[in-house]
Every structure is written in structure tokens, then in C-alpha cells.
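Working notes, beginning with the structure itself.
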Amino acid sequence: MIINLGGLVNKAIEKKWQDKWREVNLFQADLDNREKIFVTVAYPYPSGAMHIGHGRTYTVPDVYSRFKRMQGYNVLFPMGWHVTGAPVIGIAKRIEDEDPWTLDLYEKVHKVPKDELHKLSDPEYIVKYFSNEYHNVMDDMGYSIDWRREFRTTDESYKKFIEWQLRKLKSMDLVKKGKHPVKYCPSCDNPVGDHDLLEGEGATINELTLIKFEIDDRFIVPATFRPETIYGVTNLWLNPDVKYIEVDNDGETYIISEDSYLNLSNQIKNLKIIGEVDPNDLIGKFVKNPITSIEHPIFPASFIDPEYGSGSVFSVPGHAPADYIALQDLKVNDELLNKYDLKNIVDNIKLLNVVTVEKYGEFPAKDVIQKFNVKNQNDKNLEEATNELYKVEHSKGIISDNIPIYGGEKVAIAREKIRTKMIDDNFGATIYDFSQHPVICRCGSKTVVKIMDDQWFLKYSDEDWKEKARKCLSNENIIPNELRANFEYYIGWLEDWACSRRIGLGTRLPWDKQWLIEPLTDSTIYMSYYTIAKYFKNIDIEDLNDDFFDYVFLGKNNGSIAINSEDNNHDLNGIIDEIKDEFNYWYPLDWRLSGKDLVGNHLTFHMFHHGAIFPKDKWPKGMVVFGMGLLEGRKMSSSKGNVIILSDAINEYGADVVRLFLMASAEPWQDFDWREKEVKGIKKRLEWFFEFADKIKEIKYSTIDLNDIKEIELEKKIDKWMISQLNLRLKDATTALEAFQTRKALQDALFLLKKDIDHYLYRVRNRMQKNDEDIANVLSIVFKTWIKILAPFTPHSCEELWETHGGKGFISNEKWPDYNPDLMDEKIGKSEEIVTNLIKDILQIKKIISKNLNKIHIYPCEDWKWDVYKIAYEISKPDIGQIMGKSIKENLCEDKKELSGFVKKIAKEMTKTKYVGKIDEIAILNNEKEFITQEVGCEIVIHQDNSYDPENKSKQALPYKPAIYIE
RNA sequence: GCGGGAGUGCCCGAGCUGGUCAAAGGGGACAGGCUUAGGACCUGUUGACACAGGUCUACCAGGGUUCGAAUCCCUGCUCCCGCACCA
């Protein structure tokens, strides 16, 4: 459906140009003798339709590529599809299960036709479907992509490339085996990410220490954040209303809550249930503290959460507000005391001190409870009190002197030491739990923390590797540069990265086939793959072995390279060298573009891996990081339906309007906001641009011929002014584009230039009636340059206008115009300013005095004032003494009083006005007399001197500001 | 908590290597033009005051540096983002 686009090109015309570009392979880039630019954007993960946020991401490199191509560079802008990973597996399953939310999302938001919908139950089909969709929409946007290099990350040749890379890293000892905890859904038998959750989004995995308290050859195993408080234990808590069980852990028997078994059994191997335990049998009995060997009684407590940790808690009433208050509650709960016969034991409990903190007493828990006015175990303030105390003790606390070994140490340090000691001595173990409960998978089941063992890691913690990444970073241009500090932080902060997965699409780990390579790991250096991807169609997969990649990428000949080409025109050894040369031509990568959400992982990995695998001269040279997209001020999100699909936007406004808006509304690294009203505003600008061409025709009474613009020596100031402004805007726009400032470039190339043209057209409106050759010439020059600088932004419209008005060939192939500094004259600009300011001032005075005007007298600034002004400019400080001194010395003005008055004035004025040298004001004013008269609507008299000056106004004149007297 | 960043006029947002800044550009609002009307389009106004082109108050708050600060420094307040195994 094509909505009326006014003067703009419609979809059919956009299509026409896309086809023409394709016919002549305009954007296919091969090795040649020109200087090259290689630009890549993070390839999309095609699990849904492309929306306007993606539109911005891919339009930026396109605009830049088109710009650089016009400047004469050989530009490669390729595209691929990142289809490895797990999300589509889940999506496919939900489609198969006919999950209504998912079906609705894909039908309504992603606009999948009904007859295609059910096919999405195959994950391979999902990525195929949407990568095709992306490809088509990218074509509709007019992107100048070299599609011969397109690939999916599940292509066999890509897998070979990834295998090579992983083996390479392993041979460098940058891969190791280990284990790590993950969020896991036992029912799906899958790790789950935040986006897979029904409930508990944002829950983090906390590390706890399990401590074994012995009781009758068995162990109660409470878990804690604060192992150092083991020295302050007075008792244990069990919840009498909770089911407890006995489990066997490698010969030892633990007592845990039934609810905690699911989580713990995913972390401790071979945890077997032996039987049930009645907590009532245990309450009142004693357990042994493994560190202090003190015997602690077991008390009942209702606040114990059976799901958290192991369903039991050791009580440190001196330092844990919850324990303190529970103990207070128990002391007055006669029913419980009697039931378990605890009265004497409870009365004998003495609080213990472990940690000393400034501003708190011996038992900080007690203080903090008073501070927050906590009444009982169920008080809402209890949590706040706990948070505060835990934080303070951790950051500022010192282990008290009465504690053996660790007395005097900082809590933060002692905690780690105690923890390590307990684990080494087999008194404790590390377990994990969520920061909040419950965490529910989309399938509806509770998730757990599972320890994945035999997992493979990339050793990002390795200092030598980090150092390489840092060097790589310092080598790069980062846009915006503020992110550099961020990258440095991430390089330092990264720990070993689990690079193997159980579920998903992708490449298998070559030496351990049970694992798939994690999707961020398989996309760190793939930009190099683009440089040679076009060759793989004709190469036997088996020949893409490590020797091949070693040779092509690293120039290492291991002596066994054999390439079987189906193309008999090529010598076998010839083609591999061609491939190698092509890689060496394009690499290093000039610009890597990506969203800011990838700063902490992908983009940082990108530096790590280039640092490890490639020599320094192949390290990436620059990075541009994108902001996010908003829709009418709200965050865009496909899953919430708050998006505009790119193809819809193209259908409604046309690709050029969409491109223009995305480039003009914000710089690439800023968040942009798609506002319908403003999109329409942009559309108007583009329409104006089209009308402009018609305007020139009107003047000329003939068609413009962009190939035949006469070289005319321009006489009139205003004509020169227009050309000067054009060059200024061109210069600023070019500088901006070099730095990816698309918004600023458009500000100059579209908005400000349009303003200049408006002004010019207004100034010459009388001459236009007379079929003035000069105007037509100026406008033709402006128009020709203008189409060119807009061509990277709105290529379809510019091609169409170019063709319509006699341009030869594609505008996409035209040379980017160079600005001519000789045509940028500051004095001309200033002259125009004098005229417009004068008119403005006269009109303002008119408004204020509101009397009938007769005549307006204008007096130019006297010569001596110019001289003083020059002196002031040279001194470049509002130093009145110095200016005065020099002026008197040069005897510029006989009337000292007038001089000092002027100097005072000029001292202030000169800070506001740019000095560009003396201007012949009389000439300018005479030149523009007609225009000024017309504007102010009253006769004007331009005086050479002050021989007629009844109110002595001529003295008011300043350089660039003639005096006015209104009669 | 750790790290990064931001606070500008009704709104969004430029400026932020100090002076050309009452502060670009867009949106909105108001007024006028055009139109049968609406829409679209065009022009003007949009901090206050002012009968000579001016003055005052303004760029989160407070303090400082400077002849001069939205711009530099310090303090405080507020807000946003990332903190991983995921694309």
C-alpha cells in the first residue's frame, strides 16, 4: 500500500533504484588499488521482525559507507546472520505448544502470516524465516550491502572457521575446564535466562557458605552469607512446621528441609534422600560448632524459610537482627518454651560479640533494632535493619580482639579467610541460592541454581590476555570516547567466561563434542570471515581445515594446503593466495558498530580475541557504540508490543523519510525517540527539497541541467554570500560525517542550508522576476551540491532528482564535493550580518518609539573607531588601560573623552562580536539600499559623515553596527 | 555496593577546547495569512521590563577560579545505564 507521498519518491521508485544498483553490482567490493574502508555492524540475531530500532543500527553504517564511497574509497559493508544460541529453541517449543502469548506476539507484532506461523515450531525455520525477512527489509531500506558475503553462523564453512578459532585459543592455553552455577529449570532441563522467566526477573545468584553442625553422627547444615559470625553462634533455628529430610552426601548424612532438596541436589552430586526427620525431635537437642566446638541448642522459629539455603539457620543474635528479635520473641512465648522444655536453656543464652563497628555497641543487632523500631519477627522494618547492619559490618567492621586468629582484621578480608579455612577443613561447603524467591520458569516450574561441571571457560581473567585487550583498546578510536573508561573497567572486571552450552544452535566444541560453543564466543572475530566468505561456495568444506585458516589469516604455511576448486579457471594455489590477499586487503577492520548493550561483553570480547589471535597490525581501528530506541518517549520492546516494525514504517513514509528521521533525530550513540509528529516534520523537509528543484526551473524557464552548469563570475554580494554559506555548510557536514555525527551533518546539510537558501531566496525575490541568470546559476550550484551531500542519507530521492535533472550515471558514484575555502569569505558573511542586523534594529526601534516615520538616517562607523577596535582585538583582553594607552599613542582621536567612552563600550562589545577586519560599510549599505528601504518601509539616507545629525546619533556607531537616526 | 554517564527555556534537545549565548534545531502553544470549514501550508510571537537598537533575571542547588562561566574546579541533591554466562 502506498500512501500519498506528495512530491516524494514512492515505493515503486525506491524499488527501481534498488534494482538498478543491484543490476550493476554497485555495492560489491573487491580488492583493487584504491584505499579501502571496511565497516561492519553487529550481525542481527533474527528471532523476530526488524523494527525501527534495528533500522537505525543498520542505517548508520550505510550512510557512512555511501559517504566514504563518494569520497573515492573502496568500501566494504557486509552482512550476516547470527543464528547460534538458545532463544529460538524456546520460541519454537512455545509455538509448538501453541502458547497463546507467543502465537499472539508472532502474529501481531512480528506480522508472521497465519500459514507460516506453525512452521516456526522448527528453530531452524525461525532463523531462516527472519533472516530472509531482514534481508528483504534491508534491501527496502536501500542499504549498500555486498550480499555475496552473506552467511549464517550455522553454515558448515563458518563452523570450520569457529573450530579453528577455538583450537587456536586452546593451543594458546586460553581455554580451561571448570564449573559454574547457573539459573536452571529442572523441568525444561535447560539453563534459563532472565527473559525466560515468568516470575523473579532480576534475581541474582548468591554464594553462601554451608556449615556443618554435628548432631548424633549427622549434620544440620545451615547456610550463611557471613561465615565469620560462626564465632557468635548461640543456637540453631529449625522451623517446626517444615518437613525435614535426611540426605546422604558421599557418606555423610545431612538434615535439610525437603523444599531445599531440589536446589541442593542440583549443586551437590549424588545427593540421596534417606528418610524423613521430625524437627520436633531435634528441637531442644544440641549441635556442635565445628570451629569453636561449643554445643548449641536447637530452637524453634517460624521465620525460617524452608526454600532458602538448606532450611535451617544458625543464630547470631548479637549481629543478626532477625535472630535477636526471634530470641526475644521466644523468651516470652511460654507455649513454645513449655512444649520443648526450653525455659532454662533460653534464659541462659548469652549474646556474643564478633565484630566491632564504630557508632555501634557490643551487640549491633540490638542497636539497629532500636534504631528502626522493630517490634517483632514479622515487622516490615526488620529487613531494612538487617540490610543496614550487614552492609555496615561488611564495609566498616573489624573482627573483635576476643576472636582467635582473626581478631583485628577487617570483616571483608577475614570473611574470605574463614570461609576458605572451613571448606579446606571440610567443615563447610559453597552453595548457591537466588537473591529472591520464587524464580519461576516460563514453563511454570520453579528454577534452581545448578552447578554445571565439565564446563569450558575462556580465561579472560588471564592478566597477559587482559593486557593484550587493553593494548587493542588503546589502539582504537572509540565513538563516543567517554566509553573508553567503561571498556577499561570491563577488561579488568571480566572473569573466566563459560564458553560451552548444552542447548541451542551452533558449532560443537571440537575436542568435546557434547558441548556447543556459546554464541558470544562464536562472534568475536567473524568480521574477518566476511573478507573471504564469497569464496566458500566453490570450495570443498573438508579443505577448510586449520592449515587453510592459518595460511589465509596468519600467513603461516603448515605445508599441507590443498584447495579443490570447482572453478577450473583457477589454479588451485592461485585461489588460496587470492583469498589470502583479499583478507589482507580488507583487514584490519576500520569500524565496528554495535549497540551499547554489548559494551560489557561482545565488544570487549572482540578486543580480547583480536588481541590473542591476530598480530597488532590486524587489530580493529575503531568502534561506534549505539544508543537505544524509544517510541514516543517509551522504551521500545518487541515482547511488550511497543515497537514499530521497520517494513510498516517504510510502507507508510518511504525508506528515505525513515532513514532521514533516524539519522537526524539523534547522534548514533544517543538514544533516539521515534515520534510520529517529528517524523512528519522530517517528511516536510524532504518535500521542500523536492520543491526546491521546481523553484529553480521557474527561474530558468527551462529544465536544470546538472551536467551543464556555467562558470559565471558572480558580481553581487548576496550571490557570493549564498555560495559562501554553501561551502561553510558543506565543510561542517563533511567534518561531522567523518566522525559519524549524522545528526550534526544533517543539521548543517539540510536544516541550516535550507535556512540559508530561504534567506537567499527572500533577498533576491525581486531579481527573480527578471529571469536573472546569476540566480539560476547560484541555485543550480547549490542544488547540485545539495543532492550530493544528501545522497548518503536519502539515496533514492537523490538518484531520482539527479536523473530527472540531467545528471549522468548514479549519484551514488558521484564524487563527494570538496568545499572551497576561497569561496568561504568571512567578510561577506559579516556584511550580510550588518545588513540584517541593521534592519532588525530599525524595526525594533520603530516598534518601541511608535511614532510616524519620515526618514531614516544611517551613519557608518568612523575610521578611528575601527582603528581602536583593531587595537582592542589585538590586545584580545578587555584591558581598558592598555587599549587607551595604545590609542592615545597612535593619536587616533583628539577628543579624549569620546575616546575613553568608546573604549569602555568597545571593551564590552568586542567580547561579543567576532572581528574579521574592517568592512566598507558605505559600499555595502548603498548596495543594499533598495532592500533595506523595502524592509523598513521608509526612505533611508546613508550619510558619509555627520554633517546632518540633529540628535547626535552618529556617535552611536560601532564597527559592524552603523548608527541610526529616525526622523 | 562497584563502575560509567546525565541534569539547559512548556517538552525533546544542541552548546559544554570559557567571551560571537536570552542560548541552534525540532515539537507544542498563541496570534495572523491562506481555506466554505477542517487538515495541510506560510509568517510572527513564545523569561521579564523598556517610547532609540537597551537593561535585568536565567542553563539542578550552593561555593570557587576569572575582566568574563551554561561552559573550568569543589560540595550537595536528583536521575539514568551496566554488573555476566545471555542475544
Side-chain angles (χ1 to χ4, degrees), chain A residues 6 42 44-47 82 84-88 180-183 191-196 204-205 391 394-395 452 455 457-458 460 480 482-490 492-501 504 518-521 523 595-602 604 627-628 630 633 664-667 670-673 675-678 680-682 684-685 687-688 743-744 746-747 750-752 755 830 833 837-838 840-851 876-880 907-916 951 953 956 958 960-966:
Chain A
Y45 182 76
S47 64
H82 192 207
T84 37
V88 287
H180 84 286
V182 291
K183 260 178 221 156
V192 287
D194 240 12
H195 47 277
D196 298 318
T204 54
I205 294 173
K391 212 179 275 177
H394 177 66
S395 56
M452 304 288 278
Q455 171 72 270
F457 290 84
L458 292 172
Y460 292 146
E482 295 84 73
L483 281 177
R484 188 175 291 280
N486 247 330
F487 277 112
E488 267 158 20
Y489 174 77
Y490 280 119
W493 166 83
L494 269 174
E495 285 169 25
D496 294 341
W497 178 264
C499 64
S500 53
R501 286 299 112 87
E518 179 274 329
L520 286 172
T521 306
S523 53
K596 70 175 165 198
D597 47 336
L598 298 182
V599 168
N601 45 58
H602 165 71
T604 306
M628 308 265 111
L630 303 176
S665 64
E667 299 294 6
Q670 297 172 318
D671 294 350
F672 76 93
D673 190 357
R675 287 179 190 260
E676 183 101 33
K677 284 232 159 117
E678 299 192 14
K680 288 188 169 139
I682 285 285
K684 274 191 293 198
R685 298 299 159 142
E687 276 162 8
W688 192 95
R743 176 194 160 96
K744 181 158 192 318
L746 278 172
Q747 207 80 10
L750 185 56
F751 301 98
L752 294 178
K755 233 180 126 186
K830 202 79 194 176
E833 240 174 70
N837 284 339
L838 183 70
K840 227 168 75 189
D841 286 346
I842 292 172
L843 291 176
Q844 202 188 21
I845 297 167
K846 253 174 88 173
K847 210 166 114 189
I848 296 168
I849 63 177
S850 66
K851 71 174 182 189
S876 79
K877 259 193 299 189
D879 184 336
I880 293 171
K908 198 177 166 194
E909 193 67 23
M910 64 159 294
T911 64
K912 289 196 203 159
T913 319
K914 193 178 172 191
Y915 182 76
V916 298
E951 285 189 26
K953 293 287 183 194
Q956 305 270 343
L958 297 175
Y960 309 124
K961 195 168 181 184
I964 304 164
Y965 167 53
I966 299 184

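All chains are named by letter (A, B, ...) in the order of the sequence lines, taking the proteins before the strands, and each is independently numbered beginning at 1.
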For this session: Could you work out the separation of B/A29 and B/C80 based on their P atoms and round it to a whole Å?
Result: 29 Å

Seminar exercise, completed: The nucleotide from B/A84, B/G26, B/C86 with an atom nearest the side chain of A/Asn601 is B/C86

For this session: Encode nucleotides 1-8 of chain B as B, S and - characters from 5' to 3', where the letter depends on protein heavy atoms closer than 4.0 Å: B to the base, S only to sugar-phosphate, - to neither.
Result: -BSSS---

For this session: Check side-chain hydrogen bond (donor to acceptor under 3.5 Å, both in side chains) between A/Tyr460 and all other residues, then give those that pass, not counting sequence neighbours.
Result: A/His609

Seminar exercise, completed: Residues at least two apart in sequence or cross-chain that pass side-chain hydrogen bond (donor to acceptor under 3.5 Å, both in side chains) with A/Gln670, listed by chain then number, are none

Problem set entry | Base-pairing assignment for B/G39 (Watson-Crick or G-U wobble, both under 3.5 Å) | none

Exercise. Residues in side-chain contact (heavy atoms from CB on, under 4.5 Å) with A/Asp671, at least two apart?
Worked result: A/Lys596, A/Met628

Shorter than 3.5 Å, N or O on both sides, protein versus nucleotides 23-25 of chain B: list them out with atom names.
| residue | atom | partner | partner atom | Å |
| --- | --- | --- | --- | --- |
| B/A24 | N1 | A/Arg743 | NH2 | 3.3 |
| B/G25 | OP1 | A/Lys755 | NZ | 3.0 |
| B/G25 | O4' | A/Gln747 | NE2 | 3.3 |

Exercise. How would you label the contact of A/His602 with the nucleic acid (heavy atoms, under 4.0 Å): base, sugar-phosphate, or nothing?
Worked result: nothing

Seminar exercise, completed: A/Arg675 meets the salt bridge (Lys or Arg N to Asp or Glu O under 4.0 Å) criterion, sequence neighbours left out, with A/Asp673

For this session: Rounded to whole angstrom, note down the P distance from B/C59 over to B/A70.
Result: 7 Å

Seminar exercise, completed: Contacts of A/Glu482 meeting side-chain contact (heavy atoms from CB on, under 4.5 Å) (sequence neighbours excluded), chain-then-number -> A/Pro480

Exercise. With a 4.0 Å cut-off on heavy atoms, is A/Pro46 in touch with a base, just the backbone sugar-phosphate, or nothing at all?
Worked result: nothing

Problem set entry | With A/Glu667 via salt bridge (Lys or Arg N to Asp or Glu O under 4.0 Å) - residues at least two apart | none

Problem set entry | Rounded distance in Å between the C1' positions of B/C12 and B/A6 | 15 Å

Exercise. Taking NZ, NE, NH1 and NH2 as the nitrogens, is one of them in A/Lys684 or A/Glu687 under 4.0 Å from a carboxylate oxygen of the other?
Worked result: no

Seminar exercise, completed: pair_partner(B/U46), Watson-Crick or wobble, both distances < 3.5 Å, evaluates to B/G28

Exercise. Can you name the side-chain hydrogen bond (donor to acceptor under 3.5 Å, both in side chains) partners of A/Thr604, sequence neighbours left out?
Worked result: none

